[in-house]
Amino acid sequence: MSELETFRAEARQWLEENCPEEMRDGAAGEENICWGGRQWRFQSDAQKVWLERMAQKGWTVPAWPKEYGGGGLSKEEVKVLKEEMRKLKCRSPLESFGIWMLGPALLKYGTHEQKLHFLPPIARGEIRWCQGYSEPNAGSDLASLQCKCEDKDDHWLVNGQKVWTSYADKSDWIFVLVRTDPKATKHNGISFILIDMDQKGVSTKPIKLISGNSPFCETFFDDATAPKEHAPGVSAIVGEVNRGWDVAKYLLTHEREMISGGAGSVGNAMSSRGMGQVAADEVGREEGGRLADPLLRAKIAQAEVDGWAFLLTLERMKDEAKAGQGVGANSSMLKYYGTEYNKRRFEILMDMGGSEELEWEGERTADGKRARNWLRTKANSIEGGTSEVQLNIIAKRILELPGA
Amino acid sequence: MSLVLTEEQEMLRDAAHGFLERNAPVSALRKLRDENNPDGFSRDLWKEMAEMGWAGILVGETHGGADFGFVGAGVLAEEMGRTLTASPFLSTSILAATAFNKVANDAQKQENLPKIAGGEALYALAVDEARKHGPAKTAMQAEKHGNGFKLSGDKTFVADGHVADKIIVAARSAGSAGEQDGLTLFLVDAKAKGVSVERTQMVDSRNAARIRFDGVEATGEDVIGEVDGGYMALEGVLNAGRAGLSAEMSGSAQQAFAMTVTYLKERKQFGTEIGTFQALQHRAAHLYSEIELVKSAVLKALQELDANYGMAGPICSLAKAKAGEVAKLASQEAVQMHGGIGMTDEYDIGFFMKRIRVAQEMFGDGSFHADRLAQMRGY
């Protein structure tokens, strides 16, 4: 047996012995995600036990080095672990912006001391992070951000406002892009700073969206502070002062891959029972089994062609990426296509749902679940850089068109 | 399996790329057209391809082939798509080779596969009888006649039918048009009594034929596979052809797109390169994304044919549907973004539009395959 197959057998056995029954329902919906953090209320004992056991094993972040709370697994082993978890329908033990975003940024740009200080609590689900990027006047043009950060010898003083900070009201710490040099050109005076939100100078206010939900907040900094060092040798700034844009760009690439990957996993979950079959149940069938609405059927068939080809493209780009590296500028392509596809999918789901899925409240639709998800997808092609920004990036960095 | 080419496959691609650019560029197709070449391709070029092992790319080593599998064949088809190389590769090296590999008996393999690998004989697959693809719609009759059959009917859109030495033809030995059961595949000599071939000059300057079978006699030895049970065998062969055409269209789309991007960087209007205009940048960036999807679907289809031949139907339909639609888009955008020059015969881009139009129609267009996928998925 190859080493990888030995690992597969061991991983499977461990998962079978350690994953509680209740955590084996394959539930992937937003309401079942374990986010962790100081304010976290576990859905059940099983959710708590599952997180603790996986964290102990380092498998909440299997690819991270062991000394920082990870599993120290190779890319191939991580793939195998995910496959085995899928087979057993294990839920993900923990999801967070710390895992998806801050972690990768620290692993690439952080010092050893910063990694030792910040990564293990993320891996254990003890600290929940949020991201402070956009501002009211810095959306697509993110680098024009103005949130002010002044050097006060032993600490940093932060004043300004962030917007679209996901789950800021439920988070403990925030990683923020701030302007440390107002005189420098716009990309050169930005720093990437880590701030504890448990202080008077930081406040949050949820934003109610068209879906009726409030996953995003406005976050205000009024004389908020961060010590120069959060602990001996642990700087509050990641990377160099005034070089935060490098970190930000790296993270944005990462975020795009994540968003497009999310679109992929939604597609995956659907593939066992595709849109067409669901539509046939809802709209009805002709004699012979075809969906009764031929134009709707055609729309679904075309969409499924694109959806499947897109999933294969995610797979191919991951396979092409050299070990440890991302997919580079192609993350913009994946983000653009994946989010546009997800919107298209939900337009079709609403088409086939007809009047039934328009019920906003009540048990029949679980309070308009599909309609709310449909509205949520409209943000997919805005957050993390709009589709138009992604097309600009493809034109500039991949096609190398002039003036782009 | 990783969705990437192996080192060996990459080497084949690089070698093919260089060879075709030198020996079979678009100007070669233009020349064949302008001189009204009776074959529609260069026999000398085909001989060279055979010597390099391309003709027998799917033929096993015991029969003198290169045994490179479907991914290898697709790599070649893609490169031929970039240069619009006219050759009997699809009909002889993909379709016929697959029919003999997967369906034929040992004697038929022994007789035909070495000839394919050696570039000594040309084959054609005759399936369609109407303007739109549909193997089950086959009406051509294979009447039982003594110990053998008498074949009568008309076939159309037979790629390379005008040069083929032998024709693999689907005929109905039982049942009626529209049914999957009752089809039989026959191997017929193109010179047999009762076979009449009309060469059809197609829009892409490549060649096909309408073939009439008028009481052509066939024996049991001419049957490939099972009598009455040929549908699934035919589908397998067609899937290989669909994947091959998809790979070719992927190459054509990539090349047309590359020419367009180059043009956007060079052509000046309003005092600047037209590639600086966001209206064009976004269309180009969108097309880039679509072509990436095509590459993934095509490679997966070819890999699946190698790894899991009998289960490759859905992925081959995906590849054909996606490649056909995107290649059409690529050729349309190419002409539009080239502006007036894209409309001229002198410029090459029109050749891409024409070849893509034919290739996407052959063995089922995007609608045919999206519909087929929908049926497979139970709606």
Side-chain angles (χ1 to χ4, degrees), chain A residues 271 273-281 283 285 288-292 294 296-321 330 332-338 340-341 387-388 390-396 398-404, chain B residues 1-5 257-258 260-262 264-268 272-278 280-301 303 314-315 317-326 366-367 369-379:
Chain A
S271 64
R273 193 165 166 70
M275 257 191 299
Q277 287 180 353
V278 176
D281 291 348
V283 178
R285 291 176 192 271
R290 286 181 176 224
L291 182 59
L296 175 64
R297 180 176 181 272
K299 257 197 254 184
I300 295 173
Q302 300 290 356
E304 288 201 333
V305 165
D306 291 339
W308 190 8
F310 176 69
L311 285 182
L312 290 171
T313 304
L314 278 176
E315 185 184 332
R316 178 168 67 86
M317 298 227 158
K318 276 186 203 151
D319 287 345
E320 278 178 4
N330 269 323
S332 287
M333 189 280 282
L334 296 174
K335 202 269 177 184
Y336 162 66
Y337 208 98
E340 292 295 332
Y341 174 70
S387 284
E388 290 71 21
Q390 307 311 323
L391 291 172
N392 286 345
I393 294 172
I394 295 169
K396 179 179 181 174
I398 298 177
L399 304 180
E400 297 176 332
L401 288 171
Chain B
M1 192 190 304
S2 272
L3 209 48
V4 289
L5 293 182
F257 181 60
T260 306
V261 170
T262 302
L264 293 178
K265 292 176 185 175
E266 287 168 356
R267 170 72 172 168
K268 286 189 177 167
T272 182
E273 297 92 346
I274 60 173
T276 59
F277 302 137
Q278 203 173 39
L280 299 183
Q281 288 179 351
H282 282 194
R283 278 164 61 179
H286 173 75
L287 184 52
Y288 167 83
S289 310
E290 292 284 12
I291 290 173
E292 288 302 307
L293 265 67
V294 170
K295 285 154 77 176
S296 319
V298 168
L299 181 55
K300 187 73 177 179
Q303 286 186 348
I315 186 70
S317 276
L318 175 77
K320 188 67 173 48
K322 190 67 193 163
E325 292 302 310
V326 172
S367 301
H369 287 288
D371 176 78
R372 193 163 174 251
L373 277 173
Q375 287 181 46
M376 288 170 179
R377 292 188 176 184
Y379 65 99

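Just so we're on the same page: letters track the sequence lines, and every chain starts at 1. Worth knowing before you read on, the calculation uses all heavy atoms, side chains too, and leaves out hydrogens, waters and symmetry mates.
Contacts of B:Gln375 with chain A are made by both backbone and side-chain atoms, with heavy-atom separations under 4.5 Å. For B:Ile315, the parts lying near chain A are the backbone and the side chain together; criterion is any non-hydrogen pair under 4.5 Å. When heavy atoms are compared at a cutoff of 4.5 Å, A:Gln390 does not approach chain B at all. Interface residue A:Asp306: backbone and side-chain heavy atoms are both found under 4.5 Å from chain B. Contact annotation for B:Lys322: both backbone and side-chain heavy atoms come within less than 4.5 Å of a heavy atom of chain A. Proximity to chain A is absent for every atom of B:Phe277, based on heavy atoms less than 4.5 angstrom apart.
In terms of non-hydrogen atom pairs under 4.5 Å with chain A, the most contact-rich of B:Glu290, B:Glu325, B:His369 is B:Glu290. Contacts with chain B were tallied for A:Ile394, A:Ile398, A:Thr313; A:Thr313 has the most, counting heavy-atom pairs under 4.5 Å. When B:Lys300, B:Glu292, B:Lys295, B:Glu273 are compared by the number of non-hydrogen pairs under 4.5 Å with chain A, B:Glu292 comes out ahead.
Relative orientation of the B:His286 and A:Tyr337 rings is parallel, given thresholds of 30° and 60° on the angle between their planes.
Annotation: the span from B:Ser2 atom OG to A:Glu315 atom CD amounts to 8.5 Å, rounded to 0.5 Å. Interatomic distance, CG of A:Asn392 versus CD of B:Gln281, reported as 6.5 Å (0.5 Å rounding). Here the straight-line distance linking atom CG of B:Leu373 with atom CD of A:Gln302 works out to 10.0 Å at 0.5 Å rounding.
Considering all non-hydrogen atoms of both residues, B:Ala285 and A:Ala395 come closest at CB-N, 4.4 Å. Here the closest non-hydrogen pair linking A:Ala309 and B:Ser296 is O-CB, 4.2 Å. Looking at every heavy atom in both residues, B:Ala297 comes nearest to A:Leu312 through CA-CD1, 4.0 Å.
In terms of modelled atom types and a separation under 3.5 Å, the side chain of B:Lys265 and the main chain of A:Leu399 share a donor-acceptor contact. The closest donor-acceptor contact from the side chain of A:Asp319 to the backbone of B:Leu3 lies under 3.5 Å.
For B:Arg377, the side chain to side chain contact (heavy atoms under 4.5 Å, CB included) test picks out A:Glu304, A:Trp308, B:Tyr379, with sequence neighbours left out. Residues passing the salt bridge (Lys or Arg N to Asp or Glu O under 4.0 Å) test with A:Arg290, sequence neighbours excluded: B:Asp371.
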